[in-house]
Protein chains: 2
Amino acid sequence: MAKSPALDGRTGTRRKRGAPTEASLLRRQRQTDEKRRVILGAALELFSSFGFHGTSVDQIAERADVSKGNLLYYFRSKEALYSTLLRELLTIWLQPLRAFDRDQDPAEAIRAYIRQKLIASRDNPAASRLFCIEVLQGAPVFGGELLANLKTLMAEKRAVIEHWITQGKLVNVAADHLIFLIWATTQHYADFSFQVKGLTGKTLGNTKFFNEVEQSLCDIVLGGIIPK
Amino acid sequence: MAKSPALDGRTGTRRKRGAPTEASLLRRQRQTDEKRRVILGAALELFSSFGFHGTSVDQIAERADVSKGNLLYYFRSKEALYSTLLRELLTIWLQPLRAFDRDQDPAEAIRAYIRQKLIASRDNPAASRLFCIEVLQGAPVFGGELLANLKTLMAEKRAVIEHWITQGKLVNVAADHLIFLIWATTQHYADFSFQVKGLTGKTLGNTKFFNEVEQSLCDIVLGGIIPK
DNA sequence: GTCTATAACGGGATAGAC
DNA sequence: GTCTATCCCGTTATAGAC
């Protein structure tokens, strides 16, 4: 694509035959990025449904509408594609937790966090499932990175919760287990959506159901930890 | 197996040379069962860690200390082994929920259920992970069976919870979400044990930690649903 | 950058001797 | 029942033309 020689638009100076303009370099870069993005999207769908070994490069290529050879031009290997994907999703995934702050009202902060996590499960169920599979298997690919990030965040948020407790704004709850509870329950609706859908007929995509889940979780959690 | 012709041992009639006695048939049966059990155990460990496609028949055979050919004598195919395994575990897995009964005190019943689920996660983390992987992928192998069993159980337990609510023994909580919450949180300590261990340094195998988890979960859940 | 062809490998399943 | 050898397929990754 865009291989044809051209003059540099801004300078107007004559360039050697075939040398790319700055603009065309940018355009090419954008197209490259876009293609990588499409491939990563296809990989996410498939890896999250069938696991690393249950997915072939061929299937990803077909879904991304590129040839297998071409896919392997953009990513060295299947494993490189997989780990790139995990790495890119990690930041997004941990985002909701960062908002949690000691200056907020605890009930409001926890309610907001539950809501954010549910939104993440609703809008990115594939990402949730991918992390679930990966962690379940001992996170062989990016366990180190994951834990390093989580440890820092966890320490911060544990401190926030314990601060609230010393202020008497929260009953004496084990911070770690409260956080695990929120992770487990919110991610459950993405990871076990097959089961949830089979038993209730609904998923988080249904607004009424989403509100019902949010309400129930907040009621139970806040009812259990906010002093009377 | 045991295809060879033989006379019925109970009648006491003379048997052909080489025909097995009833006792030897029983012995052989026991050995067969034992071997199938060993293979299923090895399969559980590996499938639950690496998934169906991430595990080779060779690896299972090696762990079970049989040859690959021999393994495939006991189970027609890799898939037959996998689905047999899921089927055998399903009964065990749903056991704790059956105990739940309307004649119990709600706080005691829920506390006991949380405890039983935590014990199951502690003692059978591999089974928990296997179900997690399977359900996460849409339960292609035994989704029908799983849902059929769960639907019945769920309907029963939903009725129990709603009975308690009408009696004023429980606040007006959505039964389904309460059950999902208990499943999600208790199974989390098995399925995400890599993460839990990485962040806290402990697993449910540690008695102190186990009690801490039980206490925290019960406090939050019961605090949120038992009327004051 | 993109494609086709193919190398190189591992896996599931079967055949057949013992 | 158990083992070894082998078939055959799908897969990843590379080579090389365009």
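Labels below follow one simple rule: chain letters A, B, ... track the order of the sequence lines, proteins then strands, and each chain is numbered from 1. Computation of the quantities below employed the complete heavy-atom set of this structure, encompassing side-chain atoms and omitting hydrogens, waters and symmetry-equivalent molecules.
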Legend entry - Partners passing salt bridge (Lys or Arg N to Asp or Glu O under 4.0 Å) against B:Arg27 (at least two apart in sequence or in another chain): none

Inset, instruction - Rounded off to whole Å, could you give me the CZ-to-P distance for the A:Phe75 and C:dT2 pair? - result: 13 Å

Legend entry - Residue pairs fulfilling salt bridge (charged side-chain N to carboxylate O under 4.0 Å, His left out) with at least one residue in residues 55-65 of chain A, sequence neighbours excluded: A:Asp58-A:Lys68

Legend entry - Rounded distance in Å - CD1 (A:Ile39) to C1' (C:dT2): 12 Å

Legend entry - Which nucleotides of DNA chain D pair, in dot-bracket form (Watson-Crick or G-U under 3.5 Å, | meaning another strand): ||||||||||||||||||

Inset, instruction - Provide, to the nearest angstrom, the distance between the OH atom belonging to B:Tyr74 and the C1' atom belonging to C:dT14. - result: 18 Å

List the atom pairs, donor and acceptor, that lie under 3.5 Å between side-chain atoms in residues 201-208 of chain B and the rest of the protein, sequence neighbours left out.
{"residue": "B:Thr203", "atom": "OG1", "partner": "B:Gly205", "partner atom": "N", "Å": "3.3"}
{"residue": "B:Asn206", "atom": "OD1", "partner": "B:Lys208", "partner atom": "N", "Å": "2.9"}
{"residue": "B:Asn206", "atom": "OD1", "partner": "B:Phe209", "partner atom": "N", "Å": "3.0"}

Inset, instruction - Report the distance from atom CD of A:Glu62 to atom P of C:dC3, rounded to the nearest whole Å. - result: 14 Å

Legend entry - Whole-Å gap separating C1' (C:dG12) and CZ (B:Phe47): 12 Å

Legend entry - Qualifying residues under ring-ring contact (aromatic ring centres under 6.0 Å, His included), relative to B:Phe100, sequence neighbours excluded: B:Tyr113, B:Trp164

Inset, instruction - To the nearest Å, give me how far apart OH (B:Tyr73) and P (D:dG1) are. - result: 4 Å

Inset, instruction - Determine whether B:Tyr82 and B:Glu134 make a side-chain contact, defined as any pair of heavy atoms from C-beta on separated by less than 4.5 Å. - result: yes

Legend entry - Test log, rule side chain to side chain contact (heavy atoms under 4.5 Å, CB included), inputs B:Phe180 and A:Thr200: CA-CA 11 Å; B:Phe180 291 154; A:Thr200 67; 3.8 Å; yes

Legend entry - Listed once per pair and sorted, the side chain to side chain donor-acceptor pair (under 3.5 Å) pairs that draw on residues 116-130 of chain B, sequence neighbours left out: B:Lys117-B:Gln187, B:Ser128-B:Asp191, B:Arg129-B:Ser193

Legend entry - Rounded distance in Å - CG (A:Leu71) to P (C:dC3): 11 Å

Inset, instruction - Tell me, please, which residues at least two apart from A:Gln29 pass side-chain contact (heavy atoms from CB on, under 4.5 Å). - result: A:Asp33

Inset, instruction - Can you check each nucleotide of nucleotides 4-18 of chain D against protein heavy atoms at under 4.0 Å and return B for base, S for sugar-phosphate only, - for none, in 5' to 3' order? - result: -------SBBB----

Inset, instruction - Find the distance A:Glu34:CD to C:dG1:C1' and express it as a whole number of Å. - result: 16 Å

Which side-chain N or O atoms in residues 135-142 of chain B pair as donor and acceptor under 3.5 Å with protein atoms at least two apart or in another chain?
none

Legend entry - Side-chain N or O of A:Lys35 closer than 4.0 Å to phosphate OP1/OP2 of C:dT2: yes

